[in-house]
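Computed over heavy atoms, backbone and side chain alike; hydrogens, waters and symmetry mates excluded.
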Amino acid sequence: MTLLLSHFTKVIPLFLAIFVSFKSISPFLESAAQTIETDKETLILFKSQISSESSNSLSSWDKNSSPCNWTGVTCNTYGQRVIGLNLSSLRLAGSITPHIGNLSFLESLQLQNNQLAGTIPDEIFNLFSLRVLNLSSNSLRGSIPSNISKLTELTVLDLSMNQITGKVPQEISSLSGLQILNLGRNLVWGTIPSSIANLSSLEDLILGTNSLSGMIPTELGRLRNLKVLDLTINNLSGAVPSNIYNMSSLVNLALASNQLWGELPSDIDVTLPNLLILNTCFNEFTGTIPSSLHNLTNIKVIRMAHNLHEGTVPPGLGNLPSLEMYNIGFNRFVSSGDDGLGFITSLTNSTYLKFLAIDGNLFQGVIPESVGNLSKDLSKLYMGGNQIYGSVPASIGGLSSLTLLNLSYNSISGEIPPEIGQLENLQMLGLAGNQFNGRIPNSLGNLQKLNQIDLSRNELVGQIPTTFGNFHSLLSMDLSTNKLNGTIPKEILNFPSLSTILNLSNNFLTGNLLGEIGNLESVVTIDLSNNSLSGNIPNSIEDCKSLEELYIARNKLSGPIPSILGEVKGLETLDLSYNNFSGSIPVDLEKLRVLQSLNLAFNDLDGAVPCGGVFTNLSRVQLQGNPDLSLNLACHNARARGRQPIKLYIIAGIIAALALCFSIGLFFYLRRSKAKIAYSSSLTKEQHRMISYHELRQATGNFNEQNLIGNGGFGLVYKGCLEDGSAVAIKVIDITQTGFQKSFLAECEALRNVRHRNLVKLITSCSSVDLKNTEFLALVYEFLGNGSLQDWIQGKRKNEDGDGLNLVERLNVAIDIASAIDYLHNDCEVPVVHCDLKPNNILLDEDMTAKVGDFGLAKLLIEKMSDQTSISSTYALKVL
């Protein structure tokens, strides 16, 4: 008994210890349960700030389940706290709730590539454990707060592609562990803080495409781990600090599009041994190319264009086997003698070369035969604007991947080599401003992907090849200022894709102006002046609906000026001078409300001059050389000028115009474009907003793959955010695809004449050139946040309850589609056949309203009525 008591006495303290332990652990367990609940409540509040059309992506966020099982949520080992939130590329819209600061254990917050707006809540900077903060590719505004210094554990800070303003805060320099700092493509201004040099772990410093000014801080040279330094497209000025070139860790040095100057170091291969990309374009750098640059055997991109470099190209180009781009265009580089372009032979060792530009320099010499041995991947070859002479070697036909060949404005002679016709991928051919002679090779008609051809300002003879009718995607043709003769082949007038210019001026062309000219429905400028064309202007000219400039001066055209010209509503310039036109001036020309210049001088016109339209301001009208013209009596009464010879009236009009211009010229200039739009809107459809390639590039983050939301047969579709904050879908046409122009024009033609709630709204289009000076076409649509019907059918999208479309929603979608098709077939001014109706081309908006999109294969039905054709279509399905 005593022994038992003794043992019991020893055990009691053990039980007491266990009891006390449970008492101490219990609050901890209770606390853990509460904190995961706190995180759950915070995430629910986050979801509440996301707009309803986007919250389907968060359908798994159910209050009755653990947040550790939710989409994009990561918890720690024991599921006690949320440590990661990755909701990138889920098309989320709305704002970031300030309650997110309650996720106190959060280590990674990734919300990039969405449509989040508003400001960055200050509460985010209370997340002291945060290591990764990525809010890029949204529409966030406001400045970066100074209390960002609280995030002492941060290694990645990416706020790029937003609308962040203000200065780069000095407090960022206290984030000692930061490895990536990306503020590119925002609205940040001010100078670059020198204190950034305190971030000794920094590897990527990206501040490009902002409004930063001042000089590059010398202190940045202390960043010995820096691999990427991107300061492009700012307002930086001054000399580049020499110690920047001593940052031996640098892989990418991008300083383009500033006002920087200086010279590259002579030992750049020693100071920057790891360099793969060098981009100093559009600055004021001087000096020669250091020969040591060609010792960087791993370098891929050398871009030094648009600077003030001079001297010769040093030897050693053959040492760059990895080179993909070599761009030294628009500098002051020189060479002389027949072998002045011998460095091109050295580049034959660069088997990955895709882009070569030496244009805009002072290079002399003959194009070497070895040009045909350049990389089979070479797609762009710029050699224009030099002093190159001799002939083009036939070997150039071996560059099978070439999409652009520009040899314009040199002194090249001889015939155009027919081997150019072997470049089946060629899209742009520029041979203008040389001394080419002989006939245009028929083989050029094999270039079926060609969208721009410029053979102007040469000494070419013979007829225009009928094989040019094989061009399916041509946007512009310039054969002006040569010695071409014969008639204009009807084949080259059958270009519905032609959208910029047809210039055949200053040749010896004869014959009548064919009625096929009406096929040029999309062309903006036609110039046939200074030839020997005869006959009448055909009435089919009215079918050139996009025509803005028409020049037919100095020919032998006769007959009356067709009144049908009054139906070409967009005409701004009309020059019919120095012909044999007779009869009166058509009153219908008064309808041309945007006409700015009318030249009818030196014809045989008679009768009264109309009063309205362009004739109200005779300073814009040239009528001299028509002695039988007189003022209209009504004009005489209105102006109290009396009936007088037209020559005196013109002189008086010019004097009056000069007097008025002295006082109101500036005001008229500023209002000119606005008045033009106002006039046009009374006669045509509503004018669409204009948008440039640069705006689209910024809206999509330089067409970042993270913004890619779809693709089709004729291009890629990106999500973008315009400067006004509106979300859009941007369809970039793939100009390498056969028929891309047909798709682009068909979609524009179809959608510009339709308006319906169940059709995707086309906001505007963009026809421009990109940064590589190649053709760029894009269509900008409203952005529909609920994706395509195909996504719903395949279960990629679901309602908040986790289900797909219910019976009522399916019925509504069917009704919406039927309404759209009924409208297209029966209620349009010109019936439209979609030709590609499928679930992928049916999109759903925030209210689940279905809209039909993608009119790339659409056809317009035109009606044949006796000998007249109603509104013509770019691609008519059939004629009824």
Using ring pair (Phe, Tyr, Trp, His ring centres under 6.0 Å) as the criterion, list what pairs up with [X], not counting sequence neighbours.
{"X": "Phe46", "answer": "none"}
{"X": "Phe125", "answer": "none"}
{"X": "His99", "answer": "none"}

Can you list the residues that meet the salt bridge (charged side-chain N to carboxylate O under 4.0 Å, His left out) rule with [X], with sequence neighbours excluded?
{"X": "Asp230", "result": "none"}
{"X": "Lys851", "result": "Glu782"}
{"X": "Arg141", "result": "none"}
{"X": "Lys150", "result": "none"}

Would you check if [X] and [Y] make a side-chain contact, meaning some heavy-atom pair closer than 4.5 Å?
{"X": "Lys731", "Y": "Leu716", "value": "no"}
{"X": "Val82", "Y": "Leu106", "value": "yes"}
{"X": "Leu140", "Y": "Thr119", "value": "no"}
{"X": "Leu111", "Y": "Leu116", "value": "yes"}

When the side chains of residues 167-180 are checked against the rest of the protein, which donor-acceptor pairs come out under 3.5 Å, sequence neighbours left out?
| residue | atom | partner | partner atom | Å |
| --- | --- | --- | --- | --- |
| Gln170 | OE1 | Ser195 | OG | 2.7 |
| Ser173 | OG | Gln170 | O | 2.7 |
| Ser174 | OG | Glu171 | O | 2.7 |

Between [X] and [Y] (side chain of the first, backbone of the second, donor and acceptor by atom type, cut-off under 3.5 Å), is there such a pair?
{"X": "Asp158", "Y": "Asn134", "answer": "no"}
{"X": "Asn234", "Y": "Ser211", "answer": "yes"}
{"X": "Asn307", "Y": "Glu284", "answer": "yes"}
{"X": "Asn198", "Y": "Ile196", "answer": "no"}

Pairing residues for Cys75 by the disulfide bond (SG atoms under 2.5 Å apart) criterion, not counting sequence neighbours
Cys68

Residues which pass side-chain hydrogen bond (donor to acceptor under 3.5 Å, both in side chains) with Asn86, listed by chain and number, not counting sequence neighbours:
Ser88

Hey, would you say the Phe703 and Phe776 ring centroids sit under 6.0 Å apart?
yes

Does anything in residues 243-255 pair up under side chain to side chain donor-acceptor pair (under 3.5 Å), and if so which pairs, sequence neighbours excluded?
none

Residue pairs involving residues 66-76 (criterion side chain to side chain donor-acceptor pair (under 3.5 Å); sequence neighbours excluded):
Ser60-Thr71, Ser65-Trp70

Residue among Ile96, Leu133, Val132 satisfying side-chain contact (heavy atoms from CB on, under 4.5 Å) with Leu109
Leu133

Taking it one step at a time, do Arg81 and Ser104 satisfy side chain to side chain donor-acceptor pair (under 3.5 Å)?
CA-CA 8 Å; Arg81 295 305 300 260; Ser104 54; 3.0 Å; yes

